[in-house]
Structure formats: C-alpha cells, structure tokens
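This report concerns only the one structure given below.
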There are 2 protein chains.
Amino acid sequence: MKQGEDRRVTRTRRLLRQALVKRMREKSVSSITVKELCDECDINRGTFYSHYSDVAALLESIENDLFAQLQQMLAQLSAEEMLSRNNPSRTMVALFEFLRENADICAALLCDNGDPAFIERVRVFVRREVLGEWRHMFSDGDGERQEYTFAFLVSGSMGMLQHWLESGLTLTPEQMAEMLTEFITQGVAVMR
Amino acid sequence: MKQGEDRRVTRTRRLLRQALVKRMREKSVSSITVKELCDECDINRGTFYSHYSDVAALLESIENDLFAQLQQMLAQLSAEEMLSRNNPSRTMVALFEFLRENADICAALLCDNGDPAFIERVRVFVRREVLGEWRHMFSDGDGERQEYTFAFLVSGSMGMLQHWLESGLTLTPEQMAEMLTEFITQGVAVMR
DNA sequence: ACGGATACTAAACTGTGTGTTGATTATCTC
DNA sequence: GAGATAATCAACACACAGTTTAGTATCCGT
C-alpha cells in the first residue's frame with residue numbers, strides 16, 4: 001500500500017536534492033533560492049512547495065536521511081560488536097567508510113559553506129559516539145578542563161575529517177581511523 | 001583634514017556594525033537583510049547604501065578592522081619578543097587577551113552561525129602564527145600525515161577558542177594559553 | 001490497457017526586500 | 001554664520017517568495 005512511492009515523487013525529490021547538494025559546493029545554504037533550484041532541474045516552483053516548505057526543509061530532509069542511515073548502520077554494527085569485543089575501533093572505521101560512501105553529500109554539508117546546524121549535529125554525535133569510547137581513558141581533572149579537552153578533540157576530529165573530504169579521500173578509512181585514534185589517545189606531537 | 005571623520009558618518013557606521021553583530025548572534029549572516037539592520041537603528045536604507053554595497057561588505061569592514069588591530073598588536077609584540085626570547089607563549093597569551101577584549105564581535109563571528117569565510121581566515125592565521133611556533137617540534141613524518149596533524153591541531157584550537165567565548169570567558173588568557181600549549185605539545189590524553 | 005487517482009505545469013497575484021535616484025532637510029566643519 | 005556634506009524621504013523598477021487556479025501528464029492497480 002504505502003511501500004512503493006510514486007515514481008514522480010521520487011524523481012522530483014531526487015532532482016531537488018541533487019540540485020541543492022550541487023549548489024552548496026559553491027555558495028552558502030541560506031543564499032540559495034527556491035527559484036534557482038527549480039530552474040536547475042526544470043521543476044515548477046509550485047511543485048517544490050508541495051514537497052518542502054522552503055530550502056531549509058529540503059536540506060533537513062537530506063540530513064535526516066543521512067543520519068537515519070548512519071544510525072541503522074551503527075545499530076547493526078554494535079550488535080555484532082557485542083559478540084566479538086576484540087576490535088574497539090571497528091566503529092570508527094565503519095564511520096569513515098560511511099563518510100566515504102556518502103562523500104558528495106557529506107562534503108557539501110561539512111565544507112566551508114556547509115550547514116552550521118548539521119556540523120553542530122555531527123559534533124554532538126562525534127562527542128557521544130566516538131569520544132564516549134575513550135572517556136574512561138581520560139584523567140578526570142576538574143570538570144571545566146575536561147570540557148576544553150573535549151572541545152579540542154571534537155573539533156580536531158572534525159578538522160581531520162573535513163581535510164579528508166576536501167583532499168579527495170586519498171587515505172583509506174582504516175588509515176584515517178588509525179591516525180585519529182592515535183591522535184586522541186597519544187596526542188599528536190612527537191618531539192624531535 | 002582627513003583625520004577627523006564626520007561625526008555623522010562615524011555614528012552611522014557604528015550603529016550599523018552594532019546592529020549586525022547583534023543579529024549575528026541569532027541568525028546566519030546571509031539571511032540578515034539590509035532593511036532589518038536599518039530598522040533596528042533607525043537609519044534610512046539609502047544611507048546604508050551610501051556606506052556599504054551590501055551586508056557582506058559591512059561584515060567585511062568589521063573583519064578587516066579586527067584583523068588590522070590584531071596585526072598591529074602582533075607586530076608590536078614581535079618587536080619586543082625579538083629582544084627577550086625567554087617566553088615563547090607570550091604571543092599566544094596576547095592573542096587570547098585580544099579575543100577577550102573583542103569578545104562580543106569575535107563571539108558573533110566565530111559562533112555557530114558566524115561567518116565561515118572569517119573562520120577560515122582565522123584558521124589560516126592560527127596555522128601560520130600559532131603552529132608556526134611549534135613547527136620545529138613536530139616529527140616530520142610524511143607530508144600528508146603532517147597535513148592531518150595540522151588540520152587536527154588548528155581545528156582543535158579553534159574549538160577550544162569557541163568554547164571559551166561561548167562559556168563566558170571564565171578562564172584567564174594565561175590559563176587558556178597554558179592549556180592550549182600543553183594540548184599541542186604534549187597531547188590531551190592522560191591514561192589512568 | 002483502461003480509468004481513476006495523483007503529481008506536475010503554467011500562469012496569475014500579493015507581498016517583501018533590493019538597489020537606485022532626486023529633491024529636501026539636518027548637521028558638521030571651518 | 002556660511003558653505004559643504006551627510007542623512008532623510010518618497011518613489012521607482014525589479015526579483016524572489018509563497019499561494020492559488022485550472023488544465024495536463026503520468027502513474028498504479030485490476
């Protein structure tokens with residue numbers, strides 16, 4: 001009944017999403033107009049409004065889809081992980097693989113004129129999912145200092161991630177996970 | 001002749017800058033209209049256009065002023081530094097002091113819906129001025145790895161900085177400089 | 001492959017912000 | 001105080017935002 005959506009709907013939404021992702025490479029989200037997206041993919045402007053209330057809503061639907069996929073992947077992974085506890089950074093590798101597979105969208109969302117709200121969302125996610133794994137390894141210190149530690153690590157991780165996306169994914173997800181893990185647990189600086 | 005600018009001009013520009021900084025706390029730059037800024041401070045819209053071509057130009061003038069101040073401060077500082085080479089993090093302390101003094105503007109520019117272009121500008125700056133000091137302390141590794149190291153450190157530093165601005169500047173510039181220096185040179189993680 | 005349902009189109013219309021202009025008024029500088 | 005300059009006011013054409021209408025094309029189930 002509900003399962004198969006109308007092809008026309010699927011097509012329209014797909015085209016609009018592609019157009020938005022494409023534009024986001026060039027300019028900030030909030031300066032992208034409904035008109036230019038519709039012109040781009042020959043969609044009537046009225047049609048746009050029958051699917052989304054505005055550009056922000058279109059963007060949100062893209063982000064939600066991405067996060068839903070991610071959540072699903074992680075849920076499945078942590079089920080497997082329950083059994084074999086031998087590789088703690090498996091989650092991180094999976095994360096980088098996910099990013100690589102959705103590189104076009106992720107790059108658009110996380111690049112310089114990406115969506116700050118989405119970046120913040122990822123930031124919270126990284127803090128919970130990634131740093132959570134290492135939380136027990138950090139010395140407590142006072143609470144305030146730990147806040148700064150986390151701010152440093154989360155932003156640092158995001159920076160690496162952005163650099164990876166911008167520089168054409170030349171490293172493998174495994175290499176990225178390994179390097180990031182090292183930075184977090186052992187620090188970056190090696191004295192001469 | 002040129003030195004004392006017309007009071008009216010000064011007043012208009014000051015009001016517009018204040019209005020923009022105020023709005024930037026609430027919404028993204030590119031969604032701020034000329035009209036709402038003019039309404040905010042009772043300035044005729046025509047007057048706005050006799051000073052700036054658009055909102056982006058107004059923003060740019062604020063950023064340029066800030067950077068000019070910063071450059072001047074650093075130039076003066078490095079002159080002193082030439083003589084007494086005993087305290088390598090003096091520059092960093094001065095940087096945090098500068099940020100605290102211009103906290104309102106900096107918070108607006110660097111917060112979640114700040115200006116990505118400005119954030120990038122600061123990023124480049126941090127990389128040159130701050131990390132340059134420690135460059136000799138990093139093991140070389142291959143070039144690519146160093147790129148990731150720098151991406152990690154620069155973004156991490158920015159993250160700490162943003163957290164500082166957002167959390168009401170509860171630490172002193174000295175404490176911030178000390179902590180950041182430690183993170184960069186020794187890493188963050190202390191194993192239990 | 002037909003027929004009802006539904007998504008899309010085309011074209012209008014109102015509303016709001018943009019960027020500019022020219023005449024007028026207020027304010028500054030000397 | 002006089003002349004210069006900046007700000008105001010009102011009106012302009014223009015572009016995009018949303019919404020609505022009637023008409024057309026496409027899809028889906030049987």
Side-chain angles (χ1 to χ4, degrees), chain A residues 1-65 108 113 115-117, chain B residues 1-65 108 113 115-117:
Chain A
M1 273 211 164
K2 177 93 184 307
Q3 66 194 47
E5 222 175 12
D6 196 310
R7 286 183 211 167
R8 290 167 294 180
V9 174
T10 311
R11 176 178 175 277
T12 300
R13 296 215 235 251
R14 178 174 44 80
L15 289 177
L16 285 173
R17 286 170 185 225
Q18 286 173 352
L20 180 56
V21 167
K22 185 179 170 190
R23 294 284 168 182
M24 281 180 64
R25 296 278 194 154
E26 300 152 19
K27 56 201 294 199
S28 129
V29 196
S30 44
S31 67
I32 297 174
T33 69
V34 173
K35 185 183 189 306
E36 73 181 294
L37 293 180
C38 293
D39 287 351
E40 168 84 23
C41 48
D42 265 305
I43 296 283
N44 190 278
R45 218 153 47 79
T47 304
F48 178 98
Y49 288 108
S50 70
H51 289 283
Y52 310 101
S53 60
D54 53 22
V55 179
L58 167 59
L59 179 60
E60 204 187 332
S61 84
I62 296 176
E63 295 176 359
N64 286 341
D65 269 24
N113 36 15
D115 179 17
Chain B
M1 240 165 216
K2 177 95 185 306
Q3 67 195 48
E5 223 173 10
D6 196 310
R7 287 183 210 167
R8 290 168 294 181
V9 174
T10 311
R11 175 179 174 276
T12 300
R13 298 207 176 139
R14 178 174 44 79
L15 289 176
L16 285 173
R17 285 168 186 225
Q18 285 173 353
L20 180 57
V21 168
K22 184 179 170 190
R23 293 284 170 188
M24 281 179 65
R25 296 280 194 151
E26 299 152 19
K27 56 201 294 198
S28 128
V29 195
S30 44
S31 66
I32 296 174
T33 69
V34 173
K35 184 183 189 307
E36 73 182 294
L37 293 180
C38 292
D39 287 351
E40 168 84 22
C41 48
D42 266 304
I43 296 282
N44 190 278
R45 216 156 48 79
T47 305
F48 178 97
Y49 289 108
S50 71
H51 290 282
Y52 310 101
S53 60
D54 52 21
V55 179
L58 168 58
L59 178 60
E60 205 188 331
S61 84
I62 296 176
E63 295 176 359
N64 286 341
D65 269 25
N113 36 15
D115 179 17

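The structure presented is a predicted model; accordingly, all values stated were derived computationally and were not measured.
- Listed pair B:R8 / D:dT8 fails the phosphate criterion, with no side-chain N or O lying under 4.0 Å from OP1 or OP2.
- By the neighbour-count criterion of 12 heavy atoms within 6.0 Å, atom NZ of B:K27 is densely surrounded, having more than that number from other residues, nucleotides or ligands.
- Applying the salt bridge (Lys or Arg N to Asp or Glu O under 4.0 Å) criterion to A:R23, with sequence neighbours excluded, gives A:E36, A:E40.
- Taking A:T12 as the reference, nothing meets the side chain to side chain donor-acceptor pair (under 3.5 Å) condition, with sequence neighbours excluded.
- Side-chain contact between B:L59 and B:I32 is absent, with no heavy atoms from C-beta onward closer than 4.5 Å.
- With sequence neighbours excluded, the residues that form a side chain to side chain donor-acceptor pair (under 3.5 Å) with A:R8 are A:D6.
- Here the P atom of nucleotide D:dC28 and the CD atom of A:E5 are 10 Å apart, to the nearest Å.
- Residues of residues 10-23 of chain A that place a heavy atom closer than 4.0 Å to DNA chain C, in numerical order, are A:T12.
- Taking the side chain as every heavy atom from C-beta outward, B:V34 and B:V55 approach each other to under 4.5 Å.
- Of the residues in residues 39-54 of chain B, B:R45, B:Y49 come within less than 4.0 Å of DNA chain C through at least one heavy atom, sorted by number.
- Sequence neighbours left out, the pairs with a member in residues 47-60 of chain B that pass side-chain hydrogen bond (donor to acceptor under 3.5 Å, both in side chains) are B:R13-B:H51.
- Within residues 25-35 of chain A, the residues approaching DNA chain D are A:T33, A:V34, A:K35, by heavy-atom distance under 4.0 Å.
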side-chain hydrogen bond (donor to acceptor under 3.5 Å, both in side chains) between B:S30 and A:S31, worked out = CA-CA 6 Å; B:S30 44; A:S31 67; 5.3 Å; no
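- Taking CG of B:L58 as the reference point, atom CD of B:E63 lies at 10.0 Å (rounded to 0.5 Å).
- Considering only residues two or more places apart in sequence or on other chains, A:N44 meets the side chain to side chain donor-acceptor pair (under 3.5 Å) condition with none of them.
- Taking the salt bridge (Lys or Arg N to Asp or Glu O under 4.0 Å) definition, one finds that B:R11 meets it with nothing, sequence neighbours left out.
- Taking the side chain to side chain donor-acceptor pair (under 3.5 Å) definition, one finds that B:D42 meets it with nothing, sequence neighbours left out.
- Each end of the helix from C:dA1-D:dT30 to C:dC30-D:dG1 gets its own rotation axis from five pairs of C1' atoms, and the angle between them is 50° to the nearest 10 degrees.
- Between the CD1 atom of A:I43 and the CZ atom of A:F48 there is a distance of 10.5 Å, given to the nearest 0.5 Å.
- Atom CG in B:D6 sits about 10 Å away from atom C1' in D:dA7, given to the nearest Å.
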